[in-house]
K.L.:
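For reference, the structure I am asking about is given below.
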There are 2 protein chains.
Amino acid sequence: MKTLTAKQQAVLAFVEDFFQQQGYPPTVREVAAHFGIQPRAAADHLSALKRKGYLHREPGRSRGLTLVGRGPEAVVEVPILGQIAAGQPLLATQQVEDTLPLPRSWVRGDEVFLLRVSGDSMAPLILPGDLVMVRVQPRVDRGDIAVVLIYDEATVKRVYEEAGGLVLKGDNPSFTPLRFSPAEAAELVQILGKVVGVYRAL
Amino acid sequence: MKTLTAKQQAVLAFVEDFFQQQGYPPTVREVAAHFGIQPRAAADHLSALKRKGYLHREPGRSRGLTLVGRGPEAVVEVPILGQIAAGQPLLATQQVEDTLPLPRSWVRGDEVFLLRVSGDSMAPLILPGDLVMVRVQPRVDRGDIAVVLIYDEATVKRVYEEAGGLVLKGDNPSFTPLRFSPAEAAELVQILGKVVGVYRAL
DNA sequence: CATAATACTATACAGAAGAATAGTTGTCAA
DNA sequence: TTGACAACTATTCTTCTGTATAGTATTATG
(Lines give C-alpha, C1' and ligand atoms only; values in the text may rest on other atoms or scores of the structure.)
Protein backbone atom coordinates (compact mmCIF):
# COMPACT_ATOMS: atom_id res chain seq x y z
CA MET A 1 0.00 0.00 0.00
CA LYS A 2 1.11 3.50 -0.77
CA THR A 3 2.42 5.66 2.02
CA LEU A 4 0.20 8.27 3.61
CA THR A 5 1.05 11.80 4.61
CA ALA A 6 0.70 12.79 8.26
CA LYS A 7 -2.57 14.57 7.56
CA GLN A 8 -3.98 11.65 5.60
CA GLN A 9 -3.07 9.31 8.45
CA ALA A 10 -4.85 11.61 10.86
CA VAL A 11 -7.97 11.66 8.69
CA LEU A 12 -7.94 7.87 8.38
CA ALA A 13 -7.54 7.53 12.15
CA PHE A 14 -10.48 9.89 12.68
CA VAL A 15 -12.69 7.90 10.31
CA GLU A 16 -11.73 4.68 12.09
CA ASP A 17 -12.41 6.15 15.52
CA PHE A 18 -15.68 7.68 14.40
CA PHE A 19 -16.82 4.39 12.97
CA GLN A 20 -15.79 2.49 16.09
CA GLN A 21 -17.68 4.91 18.31
CA GLN A 22 -20.76 5.69 16.25
CA GLY A 23 -21.34 2.52 14.27
CA TYR A 24 -21.48 4.40 10.97
CA PRO A 25 -18.94 6.41 8.98
CA PRO A 26 -18.65 10.22 9.25
CA THR A 27 -19.86 12.65 6.58
CA VAL A 28 -17.41 14.76 4.64
CA ARG A 29 -18.54 17.76 6.68
CA GLU A 30 -18.02 15.94 9.97
CA VAL A 31 -14.46 15.20 8.94
CA ALA A 32 -14.03 18.85 7.93
CA ALA A 33 -15.46 20.13 11.21
CA HIS A 34 -13.17 17.89 13.25
CA PHE A 35 -10.08 19.28 11.59
CA GLY A 36 -11.42 22.84 11.30
CA ILE A 37 -11.16 22.85 7.52
CA GLN A 38 -13.59 23.29 4.63
CA PRO A 39 -15.66 20.39 3.27
CA ARG A 40 -13.75 20.50 0.03
CA ALA A 41 -10.41 20.00 1.80
CA ALA A 42 -11.80 17.05 3.72
CA ALA A 43 -13.17 15.58 0.50
CA ASP A 44 -9.69 15.91 -1.00
CA HIS A 45 -8.23 13.90 1.86
CA LEU A 46 -10.87 11.22 1.50
CA SER A 47 -10.27 11.07 -2.24
CA ALA A 48 -6.55 10.67 -1.61
CA LEU A 49 -7.26 7.85 0.85
CA LYS A 50 -9.48 6.21 -1.73
CA ARG A 51 -6.87 6.58 -4.45
CA LYS A 52 -4.27 5.02 -2.18
CA GLY A 53 -6.58 2.12 -1.38
CA TYR A 54 -7.29 2.73 2.28
CA LEU A 55 -11.02 3.22 1.93
CA HIS A 56 -13.82 2.90 -0.54
CA ARG A 57 -16.24 5.70 -1.44
CA GLU A 58 -19.75 5.31 -2.79
CA PRO A 59 -20.17 8.46 -4.91
CA GLY A 60 -23.14 10.61 -3.98
CA ARG A 61 -24.18 8.68 -0.91
CA SER A 62 -24.12 10.28 2.50
CA ARG A 63 -21.64 8.56 4.78
CA GLY A 64 -20.69 6.45 1.78
CA LEU A 65 -17.31 5.43 3.19
CA THR A 66 -16.14 1.93 3.93
CA LEU A 67 -12.85 1.17 5.55
CA VAL A 68 -10.88 -1.37 3.57
CA GLY A 69 -10.16 -4.42 5.69
CA ARG A 70 -12.55 -3.15 8.30
CA GLY A 71 -15.61 -2.96 6.11
CA PRO A 72 -18.55 -5.29 6.07
CA GLU A 73 -16.47 -7.97 4.41
CA ALA A 74 -14.16 -8.16 7.41
CA VAL A 75 -16.70 -9.45 9.90
CA VAL A 76 -19.22 -12.27 9.60
CA GLU A 77 -22.03 -12.99 12.03
CA VAL A 78 -21.63 -16.69 12.81
CA PRO A 79 -24.58 -18.42 14.49
CA ILE A 80 -24.05 -20.36 17.71
CA LEU A 81 -26.29 -23.41 17.70
CA GLY A 82 -27.93 -24.47 20.93
CA GLN A 83 -29.27 -27.96 20.65
CA ILE A 84 -29.09 -29.62 17.29
CA ALA A 85 -32.16 -31.65 16.38
CA ALA A 86 -32.13 -34.27 13.65
CA GLY A 87 -34.28 -33.65 10.61
CA GLN A 88 -34.54 -29.92 11.18
CA PRO A 89 -32.74 -27.58 8.81
CA LEU A 90 -29.42 -26.92 10.51
CA LEU A 91 -29.45 -23.14 10.62
CA ALA A 92 -33.16 -22.77 11.47
CA THR A 93 -33.86 -19.73 13.58
CA GLN A 94 -35.09 -21.91 16.42
CA GLN A 95 -31.74 -23.61 16.77
CA VAL A 96 -29.70 -20.40 16.64
CA GLU A 97 -28.99 -19.35 20.21
CA ASP A 98 -26.97 -16.28 19.38
CA THR A 99 -24.52 -14.98 16.80
CA LEU A 100 -20.92 -13.89 17.20
CA PRO A 101 -19.10 -11.44 14.92
CA LEU A 102 -15.93 -13.17 13.76
CA PRO A 103 -13.26 -12.12 11.26
CA ARG A 104 -13.97 -13.44 7.80
CA SER A 105 -10.42 -14.74 7.57
CA TRP A 106 -11.37 -17.34 10.16
CA VAL A 107 -14.54 -18.33 8.35
CA ARG A 108 -13.62 -20.58 5.47
CA GLY A 109 -16.65 -21.52 3.45
CA ASP A 110 -20.02 -19.86 3.55
CA GLU A 111 -22.07 -22.24 5.65
CA VAL A 112 -20.49 -22.14 9.07
CA PHE A 113 -21.74 -22.43 12.63
CA LEU A 114 -20.38 -22.50 16.15
CA LEU A 115 -20.97 -25.19 18.76
CA ARG A 116 -20.08 -25.26 22.44
CA VAL A 117 -18.43 -28.58 23.29
CA SER A 118 -19.61 -30.43 26.38
CA GLY A 119 -17.75 -33.77 26.55
CA ASP A 120 -14.01 -34.40 26.85
CA SER A 121 -13.77 -37.21 24.31
CA MET A 122 -11.55 -35.07 22.07
CA ALA A 123 -9.17 -34.02 24.87
CA PRO A 124 -6.55 -32.68 24.87
CA LEU A 125 -7.14 -30.92 21.54
CA ILE A 126 -10.71 -29.92 22.31
CA LEU A 127 -11.90 -29.49 25.88
CA PRO A 128 -15.36 -29.06 27.44
CA GLY A 129 -16.48 -25.45 27.15
CA ASP A 130 -14.52 -24.84 23.96
CA LEU A 131 -16.26 -23.18 21.06
CA VAL A 132 -15.70 -25.05 17.80
CA MET A 133 -16.25 -23.58 14.36
CA VAL A 134 -17.86 -26.02 11.98
CA ARG A 135 -18.01 -25.80 8.20
CA VAL A 136 -21.13 -27.53 6.98
CA GLN A 137 -20.30 -30.43 4.65
CA PRO A 138 -21.81 -33.91 4.30
CA ARG A 139 -18.50 -35.78 4.08
CA VAL A 140 -15.04 -35.33 5.55
CA ASP A 141 -11.61 -36.75 4.84
CA ARG A 142 -10.41 -39.80 6.74
CA GLY A 143 -9.29 -38.78 10.23
CA ASP A 144 -10.81 -35.32 10.13
CA ILE A 145 -12.52 -33.97 13.21
CA ALA A 146 -16.21 -33.55 12.52
CA VAL A 147 -19.46 -32.75 14.25
CA VAL A 148 -21.55 -35.87 13.92
CA LEU A 149 -25.20 -36.36 14.68
CA ILE A 150 -25.75 -39.84 16.16
CA TYR A 151 -29.47 -40.47 16.17
CA ASP A 152 -30.37 -37.20 17.86
CA GLU A 153 -27.24 -36.08 19.64
CA ALA A 154 -24.39 -34.01 18.27
CA THR A 155 -20.83 -35.01 19.17
CA VAL A 156 -17.35 -34.06 18.04
CA LYS A 157 -15.23 -37.00 16.86
CA ARG A 158 -12.64 -38.09 14.37
CA VAL A 159 -14.32 -39.82 11.45
CA TYR A 160 -12.94 -42.86 9.65
CA GLU A 161 -15.20 -43.85 6.80
CA GLU A 162 -14.20 -47.28 5.46
CA ALA A 163 -15.58 -50.06 3.34
CA GLY A 164 -16.28 -52.06 6.49
CA GLY A 165 -18.28 -49.24 8.04
CA LEU A 166 -17.88 -46.01 9.95
CA VAL A 167 -15.67 -45.49 12.99
CA LEU A 168 -16.00 -42.49 15.29
CA LYS A 169 -12.95 -42.02 17.48
CA GLY A 170 -12.17 -39.57 20.24
CA ASP A 171 -8.60 -38.41 20.84
CA ASN A 172 -9.06 -39.16 24.54
CA PRO A 173 -7.77 -42.74 25.02
CA SER A 174 -10.35 -43.40 27.73
CA PHE A 175 -13.04 -43.04 25.11
CA THR A 176 -14.00 -46.25 23.31
CA PRO A 177 -14.39 -45.82 19.52
CA LEU A 178 -17.88 -46.21 18.15
CA ARG A 179 -18.24 -48.60 15.23
CA PHE A 180 -21.13 -48.67 12.78
CA SER A 181 -21.84 -51.04 9.92
CA PRO A 182 -22.58 -49.28 6.61
CA ALA A 183 -26.29 -49.96 7.15
CA GLU A 184 -26.25 -48.61 10.72
CA ALA A 185 -24.21 -45.59 9.67
CA ALA A 186 -26.62 -44.70 6.89
CA GLU A 187 -29.54 -44.90 9.28
CA LEU A 188 -28.18 -43.43 12.50
CA VAL A 189 -25.17 -41.28 11.71
CA GLN A 190 -25.09 -37.95 9.92
CA ILE A 191 -21.98 -35.87 9.40
CA LEU A 192 -22.91 -32.23 9.92
CA GLY A 193 -19.59 -30.64 9.08
CA LYS A 194 -15.87 -30.39 9.64
CA VAL A 195 -14.38 -28.69 12.67
CA VAL A 196 -12.19 -25.94 11.21
CA GLY A 197 -11.38 -23.96 14.35
CA VAL A 198 -11.35 -24.06 18.13
CA TYR A 199 -11.60 -21.16 20.55
CA ARG A 200 -10.92 -21.61 24.23
CA ALA A 201 -11.20 -18.95 26.91
CA LEU A 202 -8.70 -19.43 29.74
CA MET B 1 -37.35 -7.72 24.57
CA LYS B 2 -40.74 -6.90 23.23
CA THR B 3 -42.15 -8.94 20.37
CA LEU B 4 -42.02 -7.57 16.84
CA THR B 5 -44.69 -7.69 14.17
CA ALA B 6 -43.91 -9.48 10.90
CA LYS B 7 -43.31 -6.18 9.12
CA GLN B 8 -41.08 -4.88 11.88
CA GLN B 9 -39.05 -8.08 11.74
CA ALA B 10 -38.72 -7.66 7.98
CA VAL B 11 -37.51 -4.07 8.39
CA LEU B 12 -35.00 -5.10 11.06
CA ALA B 13 -33.73 -7.90 8.82
CA PHE B 14 -33.34 -5.45 5.95
CA VAL B 15 -31.37 -3.02 8.11
CA GLU B 16 -29.12 -5.85 9.27
CA ASP B 17 -28.55 -7.12 5.74
CA PHE B 18 -27.94 -3.63 4.40
CA PHE B 19 -25.41 -2.97 7.12
CA GLN B 20 -23.67 -6.29 6.52
CA GLN B 21 -23.42 -5.61 2.79
CA GLN B 22 -22.71 -1.89 2.70
CA GLY B 23 -20.83 -1.25 5.90
CA TYR B 24 -23.16 1.56 6.92
CA PRO B 25 -26.85 1.71 7.86
CA PRO B 26 -29.58 2.56 5.34
CA THR B 27 -31.41 5.89 5.17
CA VAL B 28 -35.10 6.10 5.94
CA ARG B 29 -35.79 6.47 2.23
CA GLU B 30 -33.71 3.44 1.35
CA VAL B 31 -35.80 1.39 3.74
CA ALA B 32 -38.95 2.88 2.22
CA ALA B 33 -37.82 2.17 -1.34
CA HIS B 34 -37.00 -1.44 -0.50
CA PHE B 35 -40.50 -2.09 0.79
CA GLY B 36 -42.22 0.14 -1.77
CA ILE B 37 -43.68 2.42 0.90
CA GLN B 38 -43.45 6.10 1.73
CA PRO B 39 -40.58 7.50 3.85
CA ARG B 40 -42.98 8.33 6.63
CA ALA B 41 -44.15 4.70 6.88
CA ALA B 42 -40.55 3.49 7.01
CA ALA B 43 -39.76 6.06 9.69
CA ASP B 44 -42.70 4.71 11.69
CA HIS B 45 -41.25 1.20 11.54
CA LEU B 46 -37.84 2.43 12.61
CA SER B 47 -39.41 4.36 15.48
CA ALA B 48 -41.25 1.22 16.57
CA LEU B 49 -37.99 -0.74 16.45
CA LYS B 50 -36.32 1.95 18.53
CA ARG B 51 -39.14 2.00 21.05
CA LYS B 52 -38.90 -1.78 21.40
CA GLY B 53 -35.17 -1.58 21.93
CA TYR B 54 -33.89 -3.26 18.77
CA LEU B 55 -31.98 -0.29 17.43
CA HIS B 56 -30.84 3.18 18.37
CA ARG B 57 -31.58 6.31 16.37
CA GLU B 58 -29.57 9.50 16.35
CA PRO B 59 -32.23 12.14 15.63
CA GLY B 60 -31.56 14.30 12.60
CA ARG B 61 -28.49 12.44 11.40
CA SER B 62 -28.44 10.72 8.06
CA ARG B 63 -28.05 6.97 8.46
CA GLY B 64 -28.18 7.57 12.20
CA LEU B 65 -29.14 4.00 13.03
CA THR B 66 -27.19 1.58 15.17
CA LEU B 67 -28.16 -2.02 15.64
CA VAL B 68 -28.28 -2.96 19.30
CA GLY B 69 -25.88 -5.82 20.01
CA ARG B 70 -24.39 -5.45 16.57
CA GLY B 71 -23.28 -1.89 16.97
CA PRO B 72 -19.75 -0.60 17.31
CA GLU B 73 -19.55 -1.97 20.84
CA ALA B 74 -19.87 -5.56 19.60
CA VAL B 75 -16.54 -5.73 17.77
CA VAL B 76 -13.06 -4.70 18.89
CA GLU B 77 -10.02 -4.41 16.66
CA VAL B 78 -7.32 -6.41 18.44
CA PRO B 79 -3.74 -5.87 17.30
CA ILE B 80 -1.60 -8.85 16.30
CA LEU B 81 1.97 -8.26 17.41
CA GLY B 82 4.80 -9.39 15.18
CA GLN B 83 8.04 -9.40 17.07
CA ILE B 84 8.03 -8.04 20.57
CA ALA B 85 11.02 -5.94 21.45
CA ALA B 86 12.02 -5.17 25.03
CA GLY B 87 11.90 -1.57 26.16
CA GLN B 88 9.55 -0.48 23.41
CA PRO B 89 5.97 0.43 24.26
CA LEU B 90 4.05 -2.80 23.74
CA LEU B 91 1.38 -1.58 21.35
CA ALA B 92 3.63 0.68 19.30
CA THR B 93 2.56 0.94 15.68
CA GLN B 94 5.83 -0.61 14.56
CA GLN B 95 5.13 -3.81 16.41
CA VAL B 96 1.54 -4.14 15.24
CA GLU B 97 1.50 -6.46 12.25
CA ASP B 98 -2.22 -6.41 11.66
CA THR B 99 -5.49 -6.17 13.55
CA LEU B 100 -8.35 -8.64 13.80
CA PRO B 101 -11.97 -7.74 14.56
CA LEU B 102 -13.05 -9.91 17.49
CA PRO B 103 -16.26 -9.95 19.51
CA ARG B 104 -16.02 -7.77 22.59
CA SER B 105 -17.31 -10.62 24.71
CA TRP B 106 -13.99 -12.39 24.11
CA VAL B 107 -11.94 -9.35 24.97
CA ARG B 108 -11.80 -9.03 28.74
CA GLY B 109 -9.92 -5.95 29.77
CA ASP B 110 -9.03 -3.00 27.60
CA GLU B 111 -5.37 -3.59 26.83
CA VAL B 112 -5.29 -6.76 24.81
CA PHE B 113 -3.17 -8.12 21.99
CA LEU B 114 -2.80 -11.27 19.93
CA LEU B 115 0.36 -13.32 19.49
CA ARG B 116 1.08 -16.21 17.16
CA VAL B 117 2.75 -19.02 19.09
CA SER B 118 5.82 -20.67 17.59
CA GLY B 119 7.16 -23.21 20.10
CA ASP B 120 5.44 -26.29 21.51
CA SER B 121 6.49 -25.86 25.12
CA MET B 122 2.85 -25.40 26.18
CA ALA B 123 1.57 -28.46 24.29
CA PRO B 124 -0.99 -29.90 24.31
CA LEU B 125 -3.01 -26.88 25.49
CA ILE B 126 -1.31 -24.43 23.15
CA LEU B 127 0.30 -25.60 19.91
CA PRO B 128 2.58 -23.91 17.37
CA GLY B 129 0.55 -21.71 15.04
CA ASP B 130 -2.11 -21.00 17.62
CA LEU B 131 -3.19 -17.43 18.14
CA VAL B 132 -3.27 -16.49 21.81
CA MET B 133 -5.12 -13.53 23.23
CA VAL B 134 -3.16 -11.73 25.92
CA ARG B 135 -4.47 -9.26 28.48
CA VAL B 136 -1.70 -6.84 29.37
CA GLN B 137 -0.88 -6.99 33.09
CA PRO B 138 2.43 -6.83 34.94
CA ARG B 139 1.69 -9.70 37.35
CA VAL B 140 -0.26 -12.96 37.13
CA ASP B 141 -1.57 -15.48 39.64
CA ARG B 142 0.54 -18.51 40.52
CA GLY B 143 0.26 -21.11 37.74
CA ASP B 144 -1.35 -18.77 35.21
CA ILE B 145 -0.28 -18.96 31.60
CA ALA B 146 1.46 -15.75 30.64
CA VAL B 147 3.43 -14.18 27.83
CA VAL B 148 6.85 -13.51 29.28
CA LEU B 149 9.67 -11.50 27.82
CA ILE B 150 13.00 -13.17 28.67
CA TYR B 151 15.74 -10.69 27.83
CA ASP B 152 14.46 -10.00 24.33
CA GLU B 153 12.33 -12.97 23.39
CA ALA B 154 8.65 -13.49 24.05
CA THR B 155 7.48 -16.91 25.17
CA VAL B 156 4.32 -18.43 26.58
CA LYS B 157 4.78 -20.21 29.91
CA ARG B 158 3.15 -20.95 33.24
CA VAL B 159 4.49 -18.54 35.84
CA TYR B 160 5.25 -19.47 39.45
CA GLU B 161 6.41 -16.45 41.38
CA GLU B 162 7.85 -17.51 44.75
CA ALA B 163 9.99 -16.15 47.52
CA GLY B 164 12.91 -18.21 46.22
CA GLY B 165 12.59 -16.77 42.74
CA LEU B 166 10.65 -17.14 39.53
CA VAL B 167 9.91 -20.41 37.72
CA LEU B 168 8.69 -20.55 34.13
CA LYS B 169 7.22 -23.91 33.26
CA GLY B 170 5.88 -25.35 30.04
CA ASP B 171 3.07 -27.89 30.07
CA ASN B 172 5.09 -30.05 27.69
CA PRO B 173 7.06 -32.49 29.93
CA SER B 174 9.99 -32.46 27.50
CA PHE B 175 10.52 -28.81 28.32
CA THR B 176 12.83 -28.09 31.25
CA PRO B 177 11.51 -25.38 33.60
CA LEU B 178 13.47 -22.16 33.69
CA ARG B 179 14.45 -20.93 37.13
CA PHE B 180 15.49 -17.38 37.99
CA SER B 181 16.68 -15.94 41.29
CA PRO B 182 14.77 -12.81 42.37
CA ALA B 183 17.68 -10.69 41.18
CA GLU B 184 17.88 -12.41 37.80
CA ALA B 185 14.12 -12.25 37.39
CA ALA B 186 14.01 -8.53 38.08
CA GLU B 187 16.70 -7.94 35.50
CA LEU B 188 15.88 -10.37 32.72
CA VAL B 189 12.23 -11.37 32.97
CA GLN B 190 9.21 -9.21 32.27
CA ILE B 191 5.63 -10.46 32.41
CA LEU B 192 3.73 -8.90 29.51
CA GLY B 193 0.29 -10.25 30.25
CA LYS B 194 -1.97 -13.18 30.94
CA VAL B 195 -3.13 -15.53 28.19
CA VAL B 196 -6.92 -15.33 28.30
CA GLY B 197 -7.81 -17.15 25.10
CA VAL B 198 -6.51 -19.49 22.42
CA TYR B 199 -7.67 -19.80 18.82
CA ARG B 200 -6.55 -22.70 16.66
CA ALA B 201 -7.43 -23.25 13.02
CA LEU B 202 -7.68 -26.90 12.08
C1' DC C 1 -66.82 -1.38 22.73
C1' DA C 2 -63.38 1.88 22.74
C1' DT C 3 -58.71 2.94 22.59
C1' DA C 4 -54.13 2.14 21.26
C1' DA C 5 -51.05 0.54 18.14
C1' DT C 6 -50.03 -0.74 13.35
C1' DA C 7 -49.36 0.40 8.68
C1' DC C 8 -49.93 3.10 5.53
C1' DT C 9 -50.63 7.71 1.56
C1' DA C 10 -49.56 12.32 0.05
C1' DT C 11 -47.23 16.50 0.41
C1' DA C 12 -44.09 19.66 2.11
C1' DC C 13 -40.09 21.86 4.35
C1' DA C 14 -35.66 22.99 6.01
C1' DG C 15 -31.33 21.65 6.86
C1' DA C 16 -27.73 18.22 5.66
C1' DA C 17 -24.69 16.52 2.42
C1' DG C 18 -21.91 15.46 -1.76
C1' DA C 19 -19.93 17.62 -5.36
C1' DA C 20 -18.53 21.31 -8.50
C1' DT C 21 -16.15 25.72 -9.77
C1' DA C 22 -12.35 28.61 -9.19
C1' DG C 23 -8.86 29.63 -7.14
C1' DT C 24 -4.05 29.93 -3.59
C1' DT C 25 0.17 28.30 -1.43
C1' DG C 26 3.72 25.13 -0.51
C1' DT C 27 6.52 20.80 -1.19
C1' DC C 28 8.99 17.52 -3.63
C1' DA C 29 10.84 14.73 -7.19
C1' DA C 30 12.16 14.24 -12.26
C1' DT D 1 12.26 24.48 -13.25
C1' DT D 2 8.40 22.58 -13.98
C1' DG D 3 4.69 19.86 -13.11
C1' DA D 4 2.39 16.71 -10.04
C1' DC D 5 0.68 16.40 -5.58
C1' DA D 6 -0.76 18.16 -1.10
C1' DA D 7 -3.56 21.08 1.53
C1' DC D 8 -6.18 24.23 1.77
C1' DT D 9 -10.37 28.83 1.20
C1' DA D 10 -14.75 30.47 -0.40
C1' DT D 11 -18.98 29.89 -2.62
C1' DT D 12 -22.62 27.65 -4.97
C1' DC D 13 -25.70 24.09 -6.73
C1' DT D 14 -28.58 20.28 -6.48
C1' DT D 15 -29.94 16.35 -4.38
C1' DC D 16 -30.62 13.84 -0.23
C1' DT D 17 -32.60 13.16 4.07
C1' DG D 18 -35.08 13.43 8.45
C1' DT D 19 -39.07 15.12 9.96
C1' DA D 20 -43.64 17.31 10.14
C1' DT D 21 -48.63 17.82 9.03
C1' DA D 22 -52.84 15.69 8.03
C1' DG D 23 -55.05 12.11 7.06
C1' DT D 24 -57.13 6.80 6.29
C1' DA D 25 -57.88 1.90 7.18
C1' DT D 26 -56.90 -2.16 9.82
C1' DT D 27 -55.91 -4.86 13.74
C1' DA D 28 -55.27 -5.92 18.39
C1' DT D 29 -56.30 -5.68 23.26
C1' DG D 30 -57.99 -4.44 27.77
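Computed from a prediction, not measured in an experiment: that's the story for all the values here. Below, chain A is the first sequence line, B the second, and so on; all start at residue 1.
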K.L.:
Write down the distance between CG (B:Leu65) and C1' (D:dT17), rounded to a whole number of angstrom.
P.N.:
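After rounding, the reported distance stands at 12 Å.
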
K.L.:
Between A:Trp106 and B:Leu102, what is the shortest heavy-atom contact and its length?
P.N.:
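The pair with the smallest heavy-atom distance is CH2-CD2, 3.7 Å.
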
K.L.:
Whole angstroms only, please: what is the CG-C1' distance between A:Leu49 and D:dA7?
P.N.:
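So the two atoms are 13 Å apart, to the nearest Å.
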
K.L.:
Once you round it to whole Å, what is the distance between P of C:dA17 and CD of B:Glu58?
P.N.:
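Rounded to the whole Å, the gap is 12 Å.
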
K.L.:
Figure out the OH/P separation between A:Tyr24 and C:dA16, and round it to whole Å.
P.N.:
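In whole Å, C:dA16 P and A:Tyr24 OH are 14 Å from each other.
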
K.L.:
Does some side-chain heavy atom of B:Leu131 sit less than 4.5 Å from a side-chain heavy atom of B:Leu100?
P.N.:
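A side-chain contact under 4.5 Å exists here.
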
K.L.:
Expressed as a whole number of angstroms, how long is the span from A:Leu46:CG to C:dG18:P?
P.N.:
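Checked: the CG to P distance equals 9 Å.
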
K.L.:
Taking 4.0 Å as the cut-off, does a side-chain nitrogen or oxygen of A:Ser62 come that near to OP1 or OP2 on D:dC16?
P.N.:
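Answer no for this pair, as no side-chain N or O of A:Ser62 is under 4.0 Å from OP1 or OP2.
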
K.L.:
CG of A:Leu4 versus P of D:dC5: gap in Å, rounded?
P.N.:
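Taking atom P of D:dC5 as the reference, CG of A:Leu4 is at 15 Å.
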
K.L.:
Distances for protein N/O vs nucleotides 5-12 of chain C N/O pairs under 3.5 angstrom?
P.N.:
from: C:dT6; atom 1: OP1; to: B:Lys52; atom 2: NZ; distance (Å): 3.3
from: C:dT6; atom 1: OP2; to: B:Arg51; atom 2: NH2; distance (Å): 2.4
from: C:dA7; atom 1: OP1; to: B:Thr5; atom 2: OG1; distance (Å): 3.0
from: C:dA7; atom 1: OP2; to: B:Thr5; atom 2: OG1; distance (Å): 3.1
from: C:dA7; atom 1: OP2; to: B:Gln8; atom 2: NE2; distance (Å): 3.4
from: C:dC8; atom 1: OP1; to: B:Lys7; atom 2: NZ; distance (Å): 2.5
from: C:dC8; atom 1: OP2; to: B:Lys7; atom 2: NZ; distance (Å): 3.4
from: C:dC8; atom 1: OP2; to: B:His45; atom 2: NE2; distance (Å): 2.6
from: C:dC8; atom 1: N4; to: B:Asp44; atom 2: OD2; distance (Å): 3.2
from: C:dT9; atom 1: OP2; to: B:Gln38; atom 2: N; distance (Å): 2.7

K.L.:
Using only side-chain N and O atoms of A:Arg57, determine if any of them is under 4.0 Å from OP1 or OP2 of C:dA19.
P.N.:
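Indeed, a polar side-chain atom of A:Arg57 lies that close.
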
K.L.:
Distance check needed: D:dG18 P versus B:Lys50 NZ, whole Å only.
P.N.:
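Distance, rounded to whole Å: 14 Å.
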
K.L.:
When rounded to the nearest 0.5 angstrom, what distance separates CG in B:Asp141 from CD in B:Glu161?
P.N.:
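Nearest 0.5 Å value for the CG-CD distance: 10.0 Å.
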
K.L.:
Tell me which pairs pass salt bridge (Lys or Arg N to Asp or Glu O under 4.0 Å) where either residue lies in residues 180-202 of chain A, with sequence neighbours left out.
P.N.:
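Pairs touching residues 180-202 of chain A that pass the test: A:Asp130-A:Arg200, A:Asp144-A:Lys194.
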
K.L.:
Check B:Val140, B:Val167, B:Leu166 against B:Tyr160 for a side-chain contact (heavy atoms from CB on, under 4.5 Å) and give me the one that passes.
P.N.:
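It is B:Val167; the other options fail the test.
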
K.L.:
Distance-only check: which donor-acceptor pairs under 3.5 Å involve side-chain atoms of residues 32-43 of chain B, not counting sequence neighbours?
P.N.:
from: B:Arg40; atom 1: NE; to: B:Asp44; atom 2: OD1; distance (Å): 3.3
from: B:Arg40; atom 1: NH2; to: B:Asp44; atom 2: OD1; distance (Å): 3.2

